[in-house]
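So you know, we letter chains A, B, ... as the sequences are listed, proteins then strands, and number each from 1. Not measured: the values here are computed from a predicted model.
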Protein chains: 2
Amino acid sequence: MTIGDLARAAEVGVETVRFYERQGLIEKPPRLESGYRIYSAEAVDRVRFIRRAKKLGFVLKEIKELLALRLAPGTTCDRIKKRAESKIEDIDFRIRGLQDMKVALEALTDACVGRGSVGDCPILDALEKRESP
Amino acid sequence: MTIGDLARAAEVGVETVRFYERQGLIEKPPRLESGYRIYSAEAVDRVRFIRRAKKLGFVLKEIKELLALRLAPGTTCDRIKKRAESKIEDIDFRIRGLQDMKVALEALTDACVGRGSVGDCPILDALEKRESP
DNA sequence: CTTGACTCTGGACTGTGGTACGGACTTTAA
DNA sequence: TTAAAGTCCGTACCACAGTCCAGAGTCAAG
């Protein structure tokens with residue numbers, strides 16, 4: 001498929017695909033004699049993954065690291081495993097943080113029921129007072 | 001406390017505090033006759049919250065909305081509740097996405113044990129193939 | 001009362017993640 | 001076979017989130 005097909009399938013702009021290529025997030029694809037890029041179906045998965053990860057709050061550098069977690073020649077399984085484990089830790093940290101935030105927001109909606117008034121800034125109350133150094 | 005004290009306490013730069021003020025993320029503080037900004041201890045909580053939320057992947061615009069979820073004069077409890085509920089949905093979406101990603105990474109570390117080789121890109125295998133439209 | 005650390009404003013600069021543009025070339029569908 | 005749509009490259013531009021001056025004024029310790 002051409003770059004336009006890929007862009008449509010992955011729901012990004014053509015320019016974005018070329019941008020990701022420049023940034024090393026997707027492989028340089030083979031070209032037609034005309035110079036047109038030709039992509040396989042996998043490229044769609046890859047770009048969709050980037051899109052998805054972005055929505056979850058990862059920056060391109062992190063996404064690149066996630067995509068690099070594969071068994072490429074020259075990389076040992078052990079090395080990959082270690083990197084994957086550190087990513088899992090990072091993700092756990094985020095999940096916990098989001099869960100705290102959710103609890104605080106739930107407390108806020110609860111406080112909004114039945115009573116007419118809540119504290120000045122319940123989110124700060126719920127989250128910040130108990131932050132560990 | 002002065003802006004420097006605040007910045008140290010919240011672990012950001014002085015310029016960043018002024019930047020957040022310009023962006024409306026923190027209130028304009030009272031000033032000394034000299035023009036120096038004077039902050040209360042709450043300001044530290046607020047800036048630390050911003051820092052924390054940023055690490056979790058929120059952008060400043062979203063953080064501003066989160067910080068706005070308070071009972072200010074002129075805002076009804078009902079309105080706040082609705083906004084908080086939509087934020088909770090958003091957070092749930094992120095948590096689920098991160099959990100999927102974690103499962104995929106765990107599959108990767110598992111695959112790395114005992115066997116010398118895994119598929120070409122396990123993360124994509126685990127995440128992308130089952131994406132709903 | 002001076003010296004050094006701090007703060008003020010305004011504007012310039014940086015890096016990230018794209019988006020748009022222009023002019024040339026290629027493909028496809030009528 | 002030609003017109004429309006697509007692609008190429010390079011460059012310029014944009015918003016976001018800071019970061020870093022310069023030059024002037026302020027504060028606090030010695």
Side-chain angles (χ1 to χ4, degrees), chain A residues 1-41 43-44 46-68 90 94 97 101, chain B residues 1-41 43-44 46-68 90 94 97 101:
Chain A
M1 62 174 89
T2 68
I3 195 169
D5 299 331
L6 168 58
R8 254 185 306 283
E11 291 166 280
V12 298
V14 166
E15 309 287 349
T16 303
V17 175
R18 287 198 277 253
F19 175 72
Y20 288 162
E21 183 184 322
R22 279 202 301 285
Q23 300 304 304
L25 282 148
I26 55 183
E27 309 248 306
K28 282 175 192 268
R31 306 282 191 117
L32 253 36
E33 321 78 71
S34 61
Y36 281 28
R37 291 165 177 83
I38 297 302
Y39 295 96
S40 66
V44 179
R46 209 164 160 107
V47 176
R48 293 187 77 89
F49 174 80
I50 296 169
R51 234 174 77 87
R52 199 167 129 82
K54 279 222 67 201
K55 275 195 208 148
L56 294 177
F58 292 96
V59 299
L60 294 194
K61 187 168 171 265
E62 294 165 333
I63 296 171
K64 198 170 169 179
E65 287 163 8
L66 286 169
L67 285 167
D90 173 46
R94 287 182 197 229
M101 189 115 21
Chain B
M1 64 175 91
T2 68
I3 195 169
D5 298 332
L6 167 58
R8 253 185 306 282
E11 290 166 282
V12 299
V14 165
E15 308 287 347
T16 303
V17 174
R18 287 199 277 253
F19 174 73
Y20 288 161
E21 182 184 323
R22 280 202 300 285
Q23 300 303 305
L25 282 145
I26 55 182
E27 308 247 306
K28 282 174 193 268
R31 304 281 191 120
L32 254 33
E33 321 79 72
S34 60
Y36 280 30
R37 292 166 178 83
I38 297 301
Y39 295 96
S40 66
V44 179
R46 210 165 158 106
V47 176
R48 292 186 77 89
F49 174 80
I50 297 169
R51 233 175 76 87
R52 200 166 130 82
K54 279 224 65 200
K55 275 195 207 148
L56 294 176
F58 292 96
V59 298
L60 292 195
K61 186 167 171 265
E62 294 165 332
I63 296 170
K64 198 170 170 179
E65 286 163 9
L66 285 168
L67 285 167
D90 173 45
R94 287 183 197 227
M101 189 109 31

Legend entry - Under the side-chain hydrogen bond (donor to acceptor under 3.5 Å, both in side chains) test, residues paired with B/Glu15 that sit two or more places apart: none
Inset, instruction - With sequence neighbours excluded, tell me which residues meet salt bridge (Lys or Arg N to Asp or Glu O under 4.0 Å) with B/Glu27. - result: none
Legend entry - Set of residues satisfying salt bridge (Lys or Arg N to Asp or Glu O under 4.0 Å) with respect to B/Arg94, sequence neighbours excluded: B/Glu62, B/Asp90
Legend entry - Which residues share a salt bridge (Lys or Arg N to Asp or Glu O under 4.0 Å) with A/Arg51, sequence neighbours left out: none
Inset, instruction - Would you give a per-nucleotide map of nucleotides 3-17 of chain D, 5' to 3', where B means the base has a protein non-hydrogen atom under 4.0 Å away, S means only the sugar-phosphate does, and - means neither? - result: ---BSSS-------B
Inset, instruction - Give me the first and last nucleotide of DNA chain C, going 5' to 3', that has any atom under 4.0 Å from a heavy atom of chain A. - result: C/dG17 to C/dT27
Legend entry - Which residues share a side chain to side chain contact (heavy atoms under 4.5 Å, CB included) with B/Lys28, sequence neighbours left out: B/Glu21
Legend entry - salt bridge (Lys or Arg N to Asp or Glu O under 4.0 Å) contacts in which one or both residues fall within residues 3-14 of chain A, not counting sequence neighbours: A/Asp5-A/Arg8, A/Glu11-A/Arg48
Inset, instruction - Just jot down the side chain to side chain contact (heavy atoms under 4.5 Å, CB included) partners of B/Lys64, sequence neighbours excluded, or say none. - result: B/Leu25
